Protein chains: 2
Amino acid sequence: MHNQFHHTAEDMIRHNGGRATAGRIGILAILLAEQHAITHREIEQRLPQEQQLDRVTLYRALEWLAEKNLIHKVTSDDRAWRYHANRDVQSHQHAHFKCTCCAQVICLDKLPVERNWPLPAGYRFQEIELTVKGLCANCC
Amino acid sequence: MHNQFHHTAEDMIRHNGGRATAGRIGILAILLAEQHAITHREIEQRLPQEQQLDRVTLYRALEWLAEKNLIHKVTSDDRAWRYHANRDVQSHQHAHFKCTCCAQVICLDKLPVERNWPLPAGYRFQEIELTVKGLCANCC
DNA sequence: CAATAATCGCAACATTGTTGCATTTATTTG
DNA sequence: CAAATAAATGCAACAATGTTGCGATTATTG
């Protein structure tokens, strides 16, 4: 029930001055273990039976983790946010890939993302969100 | 109550073999008149009092218009789709800008969008969704 | 104008997410 | 270690967005 990331997760949380509660640790450990960005629902499913969290608690924990830059949110076209751990505390200015068949989402960390977009006059750039859609290796 | 785009809207709909109903025409005319991509709610607000549509009807009309390539949907981070008319029937492979302050969304039609993203082996590209976030001229 | 297939509107439901508030708990302090 | 306390949790209720089924209405065709 404790995966290999529990210790790391707890450290990351304490480093940010937060309470190391079972919920937060469990959630972050799950996200650290996961290759893909996953939804609220998928996180719930991966939590062991004996420590299921209230939906609200889960949302609030995710909000806190994102605030502290330990994870980041990925916007998708199905109205559900997906979450992914930040392995390094770099900027999250990277792209995501979403399979149009199985809805799997991965981070494309190595994708260079230009910063100087030609916006209309008077507009100010802050960040970009880029999702590449297509078929993953399994669905091809 | 009839803006200048009603006639165009009706033509576009008939050209696609659909019934030219007041609802569809009104919706498309509104989207043609609009510079920005707007939400379901905003469309409702712009419809004249005497021809308010059921929410379901509005959704289905938008779905039909998008299917026929007369409009396109824009994914956003607030779980609400925004819609924008396709003035030409070109690909909609362009970027969108969203103001993080007033939530206004515009199309960045002139933004060149590269097509050869370095995806993992075995992955197939289909399309991209790119949203640039920042502050619009009003909110700067 | 009648026939008919497409469209509409209502009711009910589904999903995702949020808010307020009382309860519980991790951490700190003595 | 026990008490104090601020932070986190869980419940109930709500909000926003969108969907489904189905009977009623309507645009179009002949």
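Every chain is numbered from 1 and lettered A, B, ... according to where its sequence line falls, protein lines coming before strand lines. Values in this document were obtained by computation on a predicted structure and should not be read as measured data.
Using a 4.0 Å cut-off, some side-chain N or O of B:R14 falls inside it from OP1 or OP2 of D:dT28. Contact check, B:T21 against D:dT26: no side-chain N or O comes under 4.0 Å of OP1 or OP2. Taking only side-chain nitrogens and oxygens, B:R55 never comes nearer than 4.0 Å to OP1 or OP2 of C:dG9. Within the structure, a side-chain polar atom (N or O) of A:R41 is placed less than 4.0 Å from OP1 or OP2 of C:dT16. In terms of phosphate contacts, B:T57 brings a side-chain nitrogen or oxygen within less than 4.0 Å of OP1 or OP2 of C:dG9.
A:R60 contributes a side-chain N or O that forms a donor-acceptor pair with the base of D:dG10 under 3.5 Å. Judged by distance alone, with hydrogens and angles left aside, B:R19 brings no side-chain donor or acceptor close enough to the base of C:dT7 to form a pair under 3.5 Å.
When atom types are taken as modelled, the side chain of A:E42 and the backbone of A:T39 share a donor-acceptor pair closer than 3.5 angstrom.
Side-chain rings of B:H84 and B:H36 stay apart, their centers remaining 6.0 Å or farther from each other.
Spacing between atom CD of A:Q52 and atom P of D:dT9 amounts to 14 Å, rounded to whole angstrom units. Summarising the geometry, the separation between CG on B:L53 and P on D:dT25 is reported as 17 Å, rounded to the nearest angstrom. For the pair B:D54 CG and D:dG23 C1', the computed distance is 14 Å after rounding to whole Å. Look at OH on B:Y83: it is 10 Å from C1' on D:dT17, rounded to the nearest Å. Separating the CD atom of B:Q45 from the C1' atom of D:dA16 is a distance of 14 Å, rounded to the nearest angstrom. Across the protein-nucleic acid pair, B:I27 atom CD1 and C:dC8 atom P stand 8 Å apart, rounded to whole Å. Going from atom CG of A:L47 over to atom C1' of D:dT9 covers 14 Å, rounded to whole Å. Between the CZ atom of B:R79 and the P atom of C:dT16 there is a distance of 9 Å, rounded to whole Å.
Among the atoms of the strands shown, only primed sugar atoms or phosphate atoms (P, OP1, OP2) are found under 4.0 Å from some heavy atom of B:R24. Residue contacts for B:A20: at a heavy-atom cut-off of 4.0 Å it reaches the sugar-phosphate backbone alone, with no base atom in range.
Residue A:L119 is not grouped with residue B:V74 when hydrophobic side chains (ILVMFWY) are merged at heavy-atom distances under 4.5 angstrom, including chains of intermediate members.
The CG atom of B:L62 lies 5.0 Å from the OH atom of B:Y83; values are rounded to the nearest 0.5 Å.
Residue B:R124 qualifies as open at atom CZ: its count of foreign heavy atoms under 6.0 Å is 12 or below.
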